[in-house]
Undergrad: 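A single structure is presented below for examination.
Below, read A as the first sequence line, B as the second, and so on, with proteins coming before strands; counting in each chain starts at 1.
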2 protein chains.
Amino acid sequence: MNKRQIKDLLYEEVARIGKAVSSPKRLELLELLAQSEKTVDALAAEAGIDIKLASAHLKVLKAARLVVAQRDGRFIAYRLSGEDVSALWVKLRTVAEEHLVELKVAMDGIFSAPEKLDAETRRSLMSKARRGDVVVIDVRPTAEYASGHLPFARSMPLDEIRQRIKELPADKDIVAYCRGPFCMMSAEAVTLLQEHGYRAQKIADGTAEWQAAGLPLTTS
Amino acid sequence: MNKRQIKDLLYEEVARIGKAVSSPKRLELLELLAQSEKTVDALAAEAGIDIKLASAHLKVLKAARLVVAQRDGRFIAYRLSGEDVSALWVKLRTVAEEHLVELKVAMDGIFSAPEKLDAETRRSLMSKARRGDVVVIDVRPTAEYASGHLPFARSMPLDEIRQRIKELPADKDIVAYCRGPFCMMSAEAVTLLQEHGYRAQKIADGTAEWQAAGLPLTTS
DNA sequence: CGAATATTCCAACGAATATTAGAATATTGC
DNA sequence: GCAATATTCTAATATTCGTTGGAATATTCG
């Protein structure tokens, strides 16, 4: 084997990862799995695709070793094969946000731009949350919250906010987050809260972004 | 536009980046461009492909905004559109190295495994280099060295080592680096130096890895 | 065991992609 | 303006990929 053949082989292997992340649906599946492990039909339902198609995409992700499957009774649960996979998704999205004008305008135009956080903002958010000056709410489904959430955040799933809104203090700032910058749940939560007179805002970070920034999550 | 359509659009955009990095040749081109800007025929020659094909791949990378082209007289120089692109390449390769068994065995088997560095090792290498306890040599072509190199490293291109070997101190440890873990130049340099009685070793880092680890480069 | 559920496998189609060859374009230097 | 050089564009082909429908597999529950 000469140098050229060796190199071809090495880049070929890395391209397997590239190919795995070259499909929009697979990226969506990865982002969903970055929240918590999920079954095939849960993934299919959330991504709005047929179960067979979801299964096919998951097979590709599995072949690239980005996800692992585990049978649990009648269901098969998929999960990311490591934190680094989640970090790769964040990196891809960040590069896209940075360079693709089309994505920038899409995100600006469609829903109110989520607050991008820098290291300092993240730090100050945490100290305010620790002191109780702000209430950080995680509006994702409870299973995702349980799988890992921002420190000091309390679970308040989007579809329970209406009923449970009185649990929130009316005199404090409320900060909502969900699955990340592409997720619209926190925006809906903020609208809902503001309609009820709360001071609410959202942040762009989800747990994947938080972790990719080198900050710890809490698992309950 | 409903939520599903918006999401489809967003993931579609990110997948443009994914598609761009789904080809082995494009990854190789990205790694080459992470060293320094280069012309189309230089890239084609280094990657071992036809100029037309290189041009086609570069067009794809350009459409994904990962590279930018600038005409310089008769030549057109391509360069990465940002540091984050280089970081994306490193991330992809790292994920591949971590999860793909095939890549692990390929790297172990073919040439002696390069030393993976952790934060502590990098720090100690720099302080030894600063004190002059080790001599760090950059064995890439001079243009790449000029475009950015490790602090305290001196340029000693692979194909000049034979002639210039006496410039190196025989009583000190020599540490060679090149374009990264896939590049074989530092391994060749080490073999050459050891044959001449030098205490030489290589590290896996190139400038992209160094930078991705959050450490600064020097430009001359 | 047999029905129900969850998931995967297989086959097939059209769409997108990589690669190659040949023509066309843009710039430089005479 | 013309020849030389560097690069891109166009067209053509083989291959791969995404998606869908129907059949097959594995597990649980009665």
Undergrad: Write down the distance between CD1 (B:Ile51) and C1' (C:dA21), rounded to a whole number of angstrom.
TA: 14 Å
Undergrad: Can a side chain N or O of A:Tyr78 be found less than 4.0 Å away from OP1 or OP2 on C:dA6?
TA: no
Undergrad: May I ask you to say what B:Lys52 touches in the nucleic acid, namely base, sugar-phosphate or nothing, with a heavy-atom cut-off under 4.0 Å?
TA: base
Undergrad: Is the shortest side-chain heavy-atom distance between B:Met184 and A:Ile6 below 4.5 Å?
TA: yes
Undergrad: Hey, which of these two, A:Ile49 or A:Asp72, hits DNA chain D nearer its 5' end, going by closest nucleotide?
TA: A:Ile49
Undergrad: Quick one: is B:Ser55 getting a side-chain N or O under 4.0 Å of the D:dT7 phosphate, OP1 or OP2?
TA: no
Undergrad: Between C1' on D:dT8 and CG on B:Leu43, what's the gap in Å once rounded to a whole number?
TA: 15 Å
Undergrad: Might you work through the side chain to side chain contact (heavy atoms under 4.5 Å, CB included) test for B:Phe182 and B:Glu97, ending with a clear yes or no?
TA: CA-CA 11 Å; B:Phe182 285 6; B:Glu97 284 172 349; 4.1 Å; yes
Undergrad: Between C:dT17, D:dG18, C:dA18, which nucleotide gets closest to the side-chain atoms of B:Lys19?
TA: C:dT17
Undergrad: Measure the distance from CD1 on B:Ile76 to P on D:dT5 and round it to the nearest whole Å.
TA: 17 Å
Undergrad: Tell me whether the side-chain N/O atoms of B:His57 come closer than 4.0 Å to OP1 or OP2 in C:dT19.
TA: yes
Undergrad: Round to the nearest Å and state the distance from A:Asp41 atom CG to D:dA26 atom P.
TA: 19 Å
Undergrad: For C:dA6, take OP1 and OP2 only and decide whether either is under 4.0 Å from a side-chain N or O of A:Arg71.
TA: no
Undergrad: DNA chain D: A:Gly73 or B:Thr39, which has the more 5' nearest nucleotide?
TA: B:Thr39
Undergrad: Go through C:dA6, D:dA6, D:dT8 for me and flag the one nearest to the A:Phe75 side chain.
TA: C:dA6
Undergrad: Under a 4.0 Å N-O cut-off, is there an ion pair linking A:Arg122 with A:Glu209?
TA: no
Undergrad: Rounded to the nearest Å, what distance is computed from the CD atom of residue A:Glu28 to the C1' atom of nucleotide D:dG18?
TA: 15 Å
Undergrad: If we only count heavy atoms from C-beta on, is the A:Glu167 to A:Glu160 side-chain gap below 4.5 Å?
TA: no
Undergrad: So which nucleotide does D:dG30 pair with, by the Watson-Crick or G-U wobble rule with both distances under 3.5 Å?
TA: C:dC1
Undergrad: Is the shortest distance from a Lys or Arg side-chain nitrogen in B:Glu31 or A:Lys7 to a carboxylate oxygen in the other one below 4.0 Å?
TA: no
Undergrad: Looking at C:dG29, I'd like to know if its phosphate oxygens (OP1 or OP2) sit under 4.0 Å from a side-chain N or O belonging to B:Arg74.
TA: no
Undergrad: Using atom CG of B:Leu29 as one end and atom P of C:dT19 as the other, report the distance to the nearest whole Å.
TA: 11 Å
Undergrad: To the nearest Å, how far apart are B:Leu53 CG and D:dT15 P?
TA: 17 Å
Undergrad: Using whole Å, report how far CD of B:Glu12 lies from P of D:dG18.
TA: 12 Å
